[in-house]
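Working notes, structure below.
Excluded from the calculations below are hydrogen atoms, water molecules and symmetry mates; all remaining heavy atoms, backbone and side chain alike, are included.
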Amino acid sequence: MKLSVSARAVAAGGLATAMLLTGGAVADAASSAPARAAAAPDIPLAGVKAHLSQLQSIATAIGGNRAHGRPGYKASLDYLKAKLDAAGYTTTVQQFTASGRTGYNLIADWPGGDANQVVMAGSHLDSVSSGPGINDNGSGSAAVLETALAVSRAQYKPTKHLRFAWWGAEEIGLVGSRHYVNRLATGDRSRISAYLNFDMIGSPNPGYFVYDDDPAIEKTFKDYFTGIGVPTEIETEGDGRSDHAPFKSAGVPVGGLFTGASRTKTAAQAAKWGGTAGQAFDRCYHSSCDTTANINDTALNRNSDALAHAVWELSE
């Protein structure tokens, strides 16, 4: 978000007196005002796309996908974990079994902040078995990773505790995120003040959709897009179908961003966002063509910056 001098008629002596009387109070007020945390940094699109290229390379080299229980998924997780470990995060790999295969969640905690107020940002890392899953959901995973690395580069010291997560087995029923939430003690659930979800944020014919689950989180995202002159709509296509759903069911405030999947962009939406009316937001949804060629750079860039903005705003 971007955010008649009539004093000449005042006698010089009176003005000087007023300044002497009020100057100390103004200075005291300024010095006692709480310092506002620095604004979120710009998230480099090149960094996000470099992660997508790595995920594509992993899928290409290992079976063509990064699906649950397949070698491409574990290699993707190992790539993220190495980046986060090097950046100073405390990482945890959580293991579970689904459909007879071993799955993994990756959790990364940034040191410091109030452990009784946790802000989480997450995305699912797995693809479907039919393709590499670069928009669904390499896009969200890469943007969350680059935001986590930006926290490290800035040596950000938020008031609240920051946690980032990448979920396994989303594509077969939100298994990884449900596993995580179900194993949280009641007290630990109540300590999560916000869970932010990012699933498909670089669709090639994009819309700009904001979850409307929690009013404060929704406003944070909407204010950001208003500040850059981009209209938004309420997200309905994926409502309850991504990893925010287990958190919401557990009473955690949730929000997130989405650029559209198989639904068709209307003429009204094309008029305000550009792109092609009468065509799906993502024609390669759950298909083999969901590669690095299936990404809209402008949408990915805007949503990555909105992600970082929300992490900074909600954790300060």
Side-chain angles (χ1 to χ4, degrees), residues 51-52 54-82 84 91-108 120-142 144-145 163-185 188-189 192 195-201 203 237-250 252 254 256 258 261-263 282 284-291 294:
H51 303 315
L52 292 182
Q54 288 294 322
L55 296 178
Q56 176 71 68
S57 295
I58 288 168
T60 300
I62 316 177
N65 65 60
R66 301 180 303 97
H68 163 68
R70 308 293 178 86
Y73 179 80
K74 184 58 163 55
S76 299
L77 184 142
D78 290 344
Y79 167 75
L80 268 67
K81 185 177 186 302
L84 294 158
T91 58
T92 304
V93 176
Q94 188 178 55
Q95 185 173 314
F96 58 88
T97 301
S99 300
R101 294 176 180 267
T102 301
Y104 306 93
N105 295 325
L106 174 62
I107 314 298
M120 290 188 70
S123 60
H124 75 86
L125 183 58
D126 62 315
S127 72
V128 291
S129 60
S130 57
I134 297 304
N135 185 41
D136 185 16
N137 182 37
S139 61
S141 294
V144 172
L145 173 59
R163 180 175 299 151
F164 298 91
W166 293 265
W167 311 115
E170 187 268 358
E171 295 289 5
I172 61 170
L174 317 182
V175 179
S177 55
R178 201 179 306 280
H179 177 88
Y180 176 83
V181 172
N182 287 348
R183 279 153 184 75
L184 287 174
D188 290 332
R189 292 180 189 179
I192 303 174
Y195 172 71
L196 313 177
N197 195 61
F198 303 92
D199 191 351
M200 301 180 66
I201 59 171
S203 300
E237 182 178 7
D239 199 20
R241 292 169 50 194
S242 193
D243 293 297
H244 60 293
F247 287 88
K248 183 177 179 179
S249 295
V252 175
V254 301
F258 178 63
S262 58
R263 280 190 186 171
D282 184 355
C284 290
Y285 176 61
H286 283 187
S287 300
S288 60
C289 58
D290 187 9
T291 66
N294 191 47

Sequence neighbours left out, what passes ring-ring contact (aromatic ring centres under 6.0 Å, His included) with W167? Give chain and number order.
Y180, F247

Looking at side-chain heavy atoms only, is the closest gap between S288 and S130 below 4.5 Å?
no

Euclidean distance, R183 CZ relative to F96 CZ, rounded to 0.5 Å
10.0 Å

Compare every heavy atom of P246 with every heavy atom of V181, then report the nearest pair and how far apart it is.
CG1-O, 3.7 Å

Using atom types as modelled and distance alone, determine if a side-chain donor or acceptor of W166 lies under 3.5 Å from a backbone N or O of S141.
yes

Where do C284 and D290 come nearest, in terms of heavy atoms and distance?
O-CB, 3.5 Å

If every non-hydrogen atom of A75 is compared with every non-hydrogen atom of I62, which pair is closest and at what distance?
CB-CD1, 3.9 Å

Is there side-chain contact between C289 and N294, with heavy atoms separated by less than 4.5 Å?
no

For G168, does its backbone N or O pair with a side-chain atom of D126 as donor and acceptor, under 3.5 Å?
no

Is it true that the side chains of E170 and H68 contain a donor and an acceptor less than 3.5 Å apart?
no

Any donor and acceptor pair, going by atom type alone, linking the side chain of T60 with main-chain N or O of I58 inside 3.5 Å?
no

Do the non-hydrogen side-chain atoms of K74 and Y104 ever get within less than 4.5 Å of each other?
yes

Return the OG to CZ distance between S139 and F198, rounded to the nearest 0.5 Å.
11.0 Å

Test your reading of the model: is there a side-chain donor-acceptor pair from E237 to the backbone of S262, 3.5 Å cut-off?
yes

NZ on K81 to CG on L145, rounded to 0.5 Å:
13.5 Å

OG1-CG distance between T92 and L84, expressed to the nearest 0.5 angstrom:
11.0 Å

Which heavy atom of A142 sits nearest a heavy atom of L52, and at what distance?
CB-CD2, 3.7 Å

Do N65 and V128 have side chains that approach each other closer than 4.5 Å (heavy atoms only, starting at C-beta)?
no

Under a plain distance cut-off of 3.5 Å, with no hydrogens placed, do N135 and D282 share a side-chain donor-acceptor pair?
yes

L174 versus A245, closest heavy-atom pair with distance:
CD1-CB, 3.9 Å

Under a 3.5 Å distance rule, please check whether R70 uses its side chain to pair with a backbone N or O of G63 as donor and acceptor.
no

For side-chain contact (heavy atoms from CB on, under 4.5 Å), just list the numbers for L77 and V93, CA-CA rounded to whole Å, side-chain angles, deciding distance to a tenth of an Å, and then say yes or no.
CA-CA 9 Å; L77 184 142; V93 176; 4.0 Å; yes

Provide the closest heavy-atom pair for L184 versus D188 in the form atom of the first, atom of the second, distance.
CD2-CB, 4.1 Å

Indicate whether the side chain of N105 and that of H179 have a donor and an acceptor atom separated by less than 3.5 Å.
no

Distance-only, no hydrogens or angles: does the R66 side chain make a donor-acceptor pair with backbone N or O of P132 under 3.5 Å?
yes

Residues two or more places apart in sequence or in another chain: which of them pass side chain to side chain donor-acceptor pair (under 3.5 Å) with N137?
none

Is it the case that the side chain of S242 and the backbone of D199 share a donor-acceptor pair, with hydrogens and angles ignored and the cut-off at 3.5 Å?
no

For T91 and I107, run side-chain contact (heavy atoms from CB on, under 4.5 Å): C-alpha distance rounded to whole Å, both residues' side-chain angles, the deciding distance at 0.1 Å, then the answer.
CA-CA 6 Å; T91 58; I107 314 298; over 6 Å; no

With distance as the sole test, does S127 use its side chain to make a donor-acceptor pair with the main-chain N or O of G131 at under 3.5 Å?
yes

Given side-chain contact (heavy atoms from CB on, under 4.5 Å), test M120 with L196 step by step and report yes or no.
CA-CA 6 Å; M120 290 188 70; L196 313 177; over 6 Å; no

Atom pair CD1 (I201) and CZ (F258), whose distance is rounded to the nearest 0.5 Å
11.5 Å

Heavy-atom check, side chain of H124 versus side chain of D136, under 4.5 Å:
yes

Interatomic distance, CE@M200 vs CD1@I134, rounded to 0.5 Å, equals 12.0 Å

Would H51 and L80 satisfy side-chain contact (heavy atoms from CB on, under 4.5 Å), going step by step from the backbone distance to the final call?
CA-CA 9 Å; H51 303 315; L80 268 67; over 6 Å; no

